[in-house]
Amino acid sequence: MKASRQLRLSSRRAKLAVLAALVATLVSLVSLTGSWSLIDLRAYDYLSILGRPPLPEDGPVIVAIDEPSMAEIGSQWPWPRALHARLIQALRAAGAKAIALDVIFAEPAAAPENDQALAEVLGSDVVLAGDETLIRTPQAEQFVRTEPLPVFLERGAKVGIASVDLSGDGTLRQIPSYHDGLAVTLATVAGAEPAHPPRQALMQTFGPARTYPTVSYYQALDPESFLPEETFRGRVVIVGLSLQNAPTISGGGIDAFATSDTVFSRGLVAGAEIHATIYDNLVHRLFVKRTGAAVAIAAIVLASLAAALAVLGSTSWRTLGYGALALILIFLASYGLMRLGHVFVSPLAPALAFLGVAVGQAGLDYAEERRRRRAITRAFSQYLSPALVERLARDPSQLKLGGERRTLTVLFCDVRGFTTISEDMKDDPEGLTTLINRLLTPLSEAVLNRRGTIDKYIGDCLMAFWNAPLDDPDHAVHAVQAARDMLTALGDLNAELEAEAKAAGRPPKTLRIGIGINTGECVVGNMGSARRFDYSALGDAVNLASRLEGASKDYGVPLLLGERTATLAARKFAVAELDRITVKGRSAVSPVFTLADGASEPALERHRAYLARKYSGEIAADDGLFDDLKAALPPLARYYERERERLSG
């Protein structure tokens, strides 16, 4: 048995290893596709907005080219460049340490004096936006770099590339890889030391649109009149479009982008705020690195191995709990790495790998369980009740094949005078078969309804037992209840046969049965050859039950109980000892009992007194005690009559 268990465990481990390797390979291949990369980035969106860092206190201030400013200035965009010159002078006067204009001045103005006015105020503290674009045509790819007019750069202004990299779903998550990006150049001008993140580094956002302190352009032109004195002092300022009339995904927007926050806010973020976010990510080293394929595949393999270990023993409803806990741990690990280590390892592929192995093994176990249940159902449906077969199929561990020692209650039931009935119906074998089937069917139902196991049919005899293959603490009680049900069913059948005989004008056939029940140690299991076997019981207790059935007719009662059965059943039924006998094949004296339904305690006490006199030899055939006992205990009337006949010789 131990060797068989080890073999099954080894086979399960081998199958699990194959399953884990297959799942890890498939998930790894899927995770390398572009579509899956977008799914990973969406997972980043959800994780990144949980417990995100607070907005840095020394971050940029946004000067918004917005609708109120257009109304106050009284001019549509683009505004005269001389107006931008006034803004730069006002911001310097208010204490701004660096100014970035997210506006590209690549073409000369219609009025040259406007370009001259702007050029005169520019200096090394100002960053002007540039642009880099890759233009693809069927013929070629052309890289175009757009910079401000040379006249502006000659005055010391710096160029910062304002282009950004969008993910495949149109969301802006990545830190631009330009070494002279707008945020990088602005940080350098402001005296900070910006980091140089690896390619495809992800930025952390601080909130939806207008999270950064934002003032309208017209207010910044005259900060003394509209703003607190310290609004710009010692701060970095980014000037750019920030329109409110098209801030949603569906409405689109000018220089506005979807970010990780758009998942919840549904709003777009202005380009000026995007550059402010990139600025703080670089200056404060808040960006998140994306791991390469090797780390992602390693995480997938580890998740597959963890799932294999989780289901190594078996799968059950507890597997759901283990799976849920594992998924939570995978997501927590991904979140912890992102927050504490600023490294993003997507939890989706490892989670899919874990589920693939766990669910796959659960499916295999379910299929194997179904196969075992079908095998058990086929093996036991002939001699167990459907309810017990179902219980056994749900929990095959309750069945120990090959034989085991158990305490059983064994029942034998035989038809009295079957030889005579067979002779009377020798010309009608079909009728005889029908009659026996009509009798054995309710007798069998009585056994099965009381949780018994039918061992076999031996002609007109039925053998059954209780407490195997399933445990039944009340096996003796259930066996006695089945015997009573048998006697009731026999009475109903005899009534039917009498009515049928009367209708057909023939003498009725009255069937009688004898039942013997005994409890004791037996060996129970599959008995027979490798090709043909039965689930059966063997032992001295079985032999005694058979002998009790045969002896029941000698005592004029339909049911005889062994001593242990009577003891166990006495708490529910009234039982009466009848005799102490030595049955064929046994040398020991065995007390035998029967049911005394409806007997009062005084009547039973009189019966016990009778037994004491009987065992001491004090009873005579003409003793008037028999008539009194028959009146007191009607169920034992035939027994007393037989006792008197025995004494009469």
Side-chain angles (χ1 to χ4, degrees), residues 60-96 98-123 125-131 146-155 157-160 162-163 182 186 209-210 212-228 231-232 235-248 251-257 267-276:
V61 176
I62 307 299
V63 173
I65 301 172
D66 54 10
E67 290 87 353
S69 297
M70 291 180 182
E72 288 291 330
I73 293 171
S75 174
Q76 292 297 317
W77 182 259
W79 292 329
R81 292 174 183 176
L83 189 64
H84 298 317
R86 284 179 50 198
L87 176 68
I88 293 172
Q89 290 176 320
L91 292 174
R92 281 198 186 115
I99 304 167
L101 273 72
D102 187 17
V103 182
I104 297 178
F105 303 115
E107 301 291 336
E113 61 271 17
N114 281 319
D115 287 344
Q116 186 62 34
L118 178 58
E120 289 178 357
V121 301
L122 294 177
D125 61 340
V126 178
V127 179
L128 301 178
D131 179 71
T146 304
E147 293 189 350
L149 294 172
V151 66
F152 298 145
L153 302 182
E154 291 171 358
R155 297 302 181 104
K158 307 299 181 183
V159 180
S163 303
L182 183 69
L186 180 61
R210 296 296 176 109
Y212 276 87
T214 302
V215 300
S216 291
Y217 191 103
Y218 80 91
Q219 296 173 324
L221 284 173
D222 187 9
E224 293 182 357
S225 300
F226 293 103
L227 302 172
T231 300
F232 299 115
R235 302 293 290 273
V236 170
V237 179
I238 299 177
V239 182
L241 287 167
S242 182
L243 301 177
Q244 295 292 297
N245 62 355
T248 64
I254 301 175
D255 195 29
F257 305 91
L268 302 179
V269 180
E273 274 197 86
I274 293 293
H275 292 300

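Everything quoted here is computed from the prediction, not taken from an experiment. The figures that follow rest on heavy atoms only: side chains count, while hydrogens, waters and symmetry mates do not.
- Nearest approach of Asp115 to Pro108, heavy atoms of both residues: OD2-CA, 3.5 Å.
- The nearest pair of heavy atoms linking Thr214 to Ala64 is CG2-CB, 3.7 Å.
- Atom CG of residue Leu186 and atom NE2 of residue His275 lie 10.0 Å apart, to the nearest 0.5 angstrom.
- In this pair, Phe105 and Phe152 present their aromatic rings perpendicular. The plane angle is above 60°, beyond the 30 to 60° band.
- Between Arg92 and Asp125, some side-chain heavy-atom pair lies under the 4.5 Å cut-off.
- Contact annotation: the side chain of Arg81 approaches that of Leu149 to within less than 4.5 Å [non-hydrogen atoms, C-beta and beyond].
- Going from atom CG of Leu87 over to atom CG of Leu221 covers 5.5 Å, rounded to the nearest 0.5 Å.
- Within the 4.5 Å cutoff, the side chain of Leu118 has heavy atoms near those of the Ile88 side chain.
- Between the Asp66 side chain and the Ser242 main chain, no donor and acceptor come within less than 3.5 Å of each other.
- Nearest heavy atoms, Leu241 versus Ala270: O-CB, 3.4 Å.
- Side-chain contact check for Val215 versus Phe226: every heavy-atom pair is 4.5 Å or farther apart.
- Side-chain contact check for Val239 versus Val103: every heavy-atom pair is 4.5 Å or farther apart.
- Asp131 and Ser163 make their closest contact through OD1-OG, 2.7 Å (heavy atoms, listed as atom of the first residue, atom of the second, distance).
- The nearest pair of heavy atoms linking Ala272 to Asp255 is N-OD2, 4.4 Å.
- Summarising the geometry, atom CG belonging to Leu128 is positioned 10.5 Å from atom CD1 belonging to Ile104; distances are rounded to the nearest 0.5 Å.
- The side-chain heavy atoms of Val269 and Phe257, taken from C-beta on, include no pair separated by under 4.5 Å.
- The structure places CG of Leu83 at 4.0 Å from OH of Tyr217, a figure rounded to the nearest 0.5 Å.
- Put simply, the side chain of Ser216 does not reach to within 4.5 Å of the side chain of Glu72, judged on heavy atoms.
- Taken from CD1 in Ile73 to OH in Tyr218, the straight-line distance is 10.0 Å, to the nearest 0.5 Å.
- The structure places CG of Leu122 at 11.0 Å from CD of Glu154, a figure rounded to the nearest 0.5 Å.
- In this structure, Pro68 and Gln219 have side chains that are not in contact, with every pair of non-hydrogen atoms separated by 4.5 Å or more.
- Of all non-hydrogen atoms in Val159 and Pro148, the two that sit nearest each other are CG2-CD, 3.8 Å.
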